[in-house]
*Asks:* 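Dumping the structure here so I can ask a few things about it.
In what follows, residues are counted from 1 in the order of the sequence shown.
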Amino acid sequence: MPACLKRNAGIFGLKVCATAPPNAANFATLREIEGRLKSIKNIEKITNTMKVIASTRLTRAQKAMDESRTYGQTSNTVFEKAETKPLEDKKTLLVVASSDKGLCGGIHSGLSKATRRILQEHADADIVVLGEKAKAQLSRTNPNAIVLSFANVCKDIPTFADAQAVADQIALLPADYASVKIIYNKWLNAQSYEPTTVEAYSEEAITKSG
């Protein structure tokens, strides 16, 4: 009923009902505003708690990483001093150390790009992938090169038993590899990582080194 007719109806003693237009703004009451402010403060407390937990986990992981680097640096020094080189007549195996976790920015894509760059030099190389994220990316570009993959092995801080289990499965692969290139993200700071390659050699290559 139009507004003009409603006014005329009121003049003749009829009941007039005032209705709000459909596009009228609904203003929050003071109690609703107080509830929203309280909810925002609670979210802020939860977020701050999560930041503290994340910082503690990062510090713990960084400490474990620094302690384990000593072993890797020592083995690299041994290979460098012995001038160990891969055998030219055998294939290369690429082990991509990714993870199953998402929302990690360019961590997984950086590993995949580094792997594809190495494949340009070693076209016949095989790939072993740790983690579902890098596997999904490499499966789109190099599906035939993937000979083995692992899932649910990188959700927590890896242990020696985890590494041993992975190494045992890799050792069962039928091919005879001259060298194994492990591609991983080298930690620079809390915001950036750098895809890095560390090389391990076969027993035959180590024996023939000077």
*Asks:* Find out if a path of hydrophobic residues (ILVMFWY) with successive side-chain heavy-atom gaps under 4.5 Å connects Ile182 to Val96.
*Replies:*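 No; tracing contacts between hydrophobic side chains, which count when under 4.5 Å, never links both residues.
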*Asks:* Hey, does the side chain of Thr59 reach the backbone of Ser55 with a donor-acceptor pair shorter than 3.5 angstrom?
*Replies:* yes
*Asks:* So how far is it from Arg116 CZ to Lys113 NZ, rounded to the nearest 0.5 Å?
*Replies:* 7.5 Å
*Asks:* Within the side chain of Thr56, is there an N or O that forms a donor-acceptor pair under 3.5 Å with the backbone of Val52?
*Replies:* yes
*Asks:* List in chain and number order the residues that pass side chain to side chain contact (heavy atoms under 4.5 Å, CB included) with Leu119, two or more places apart in sequence or in another chain; answer none if no residue qualifies.
*Replies:*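 Expected list: Leu94, Thr115, Ala125, Ile127, Asn142.
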*Asks:* Evaluate the side-chain proximity of Met50 to Ile46: yes if any heavy-atom separation is below 4.5 Å, no if none is.
*Replies:* yes
*Asks:* Find out if a path of hydrophobic residues (ILVMFWY) with successive side-chain heavy-atom gaps under 4.5 Å connects Tyr184 to Leu138.
*Replies:*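 Different hydrophobic clusters.
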*Asks:* Hey, are the side chains of Val166 and Phe150 touching, using non-hydrogen atoms and a 4.5 Å cut-off?
*Replies:* yes
*Asks:* Going by the side chain to side chain contact (heavy atoms under 4.5 Å, CB included) test, name the single residue among Ile118, Val129, Val95 that passes it with Ile183.
*Replies:*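 That would be Ile118; it is the only one of Ile118, Val129, Val95 passing the side chain to side chain contact (heavy atoms under 4.5 Å, CB included) with Ile183.
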*Asks:* Say you draw a straight line from OG of Ser98 to NZ of Lys133; how long is it, rounded to the nearest 0.5 Å?
*Replies:*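 Here the rounded value is 9.0 Å.
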*Asks:* Say you draw a straight line from OG of Ser112 to NZ of Lys135; how long is it, rounded to the nearest 0.5 Å?
*Replies:* 13.0 Å
*Asks:* Give, for atom NZ of Lys91 and atom CG of Leu173, the distance between the pair rounded to the nearest 0.5 Å.
*Replies:*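 CG of Leu173 is found 10.0 Å from NZ of Lys91.
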*Asks:* Using the rule given for side-chain contact (heavy atoms from CB on, under 4.5 Å), can you reason through Leu172 versus Asp168, listing the C-alpha separation, both sets of side-chain angles and the distance that settles it, and then say yes or no?
*Replies:* CA-CA 7 Å; Leu172 295 176; Asp168 290 342; 5.9 Å; no
*Asks:* Can you tell me how far apart NZ (Lys51) and OG1 (Thr49) are? Round to the nearest 0.5 Å.
*Replies:* 11.0 Å
*Asks:* I'd like to check Pro195 versus Asn185 (side-chain heavy atoms, cut-off strictly below 4.5 Å). Are they in contact?
*Replies:*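 The answer is yes, as the side chains (C-beta and beyond) meet within the 4.5 Å cut-off.
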*Asks:* What residues, two or more places apart in sequence or in another chain, satisfy salt bridge (charged side-chain N to carboxylate O under 4.0 Å, His left out) together with Lys181?
*Replies:* Glu199
*Asks:* Let me check something: do Val128 and Leu111 share a hydrophobic cluster, defined by ILVMFWY side-chain heavy atoms less than 4.5 Å apart, either directly or through other members?
*Replies:* no
*Asks:* Can you measure from NZ (Lys41) to CZ (Arg36) and round to the nearest 0.5 angstrom?
*Replies:*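 Lys41 NZ to Arg36 CZ: 15.5 Å, rounded to 0.5 Å.
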*Asks:* Please check if the side chain of Thr196 supplies one atom and the backbone of Glu194 the other of a donor-acceptor pair under 3.5 Å.
*Replies:*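 Yes, Thr196 side chain to Glu194 backbone: donor-acceptor pair under 3.5 Å.
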*Asks:* Apply side-chain contact (heavy atoms from CB on, under 4.5 Å) to Ser179 and Thr92, showing your working.
*Replies:* CA-CA 5 Å; Ser179 69; Thr92 298; 3.8 Å; yes
*Asks:* Can you name the nearest heavy-atom pair linking Ile146 to Ser139, along with the distance?
*Replies:* CD1-OG, 3.6 Å
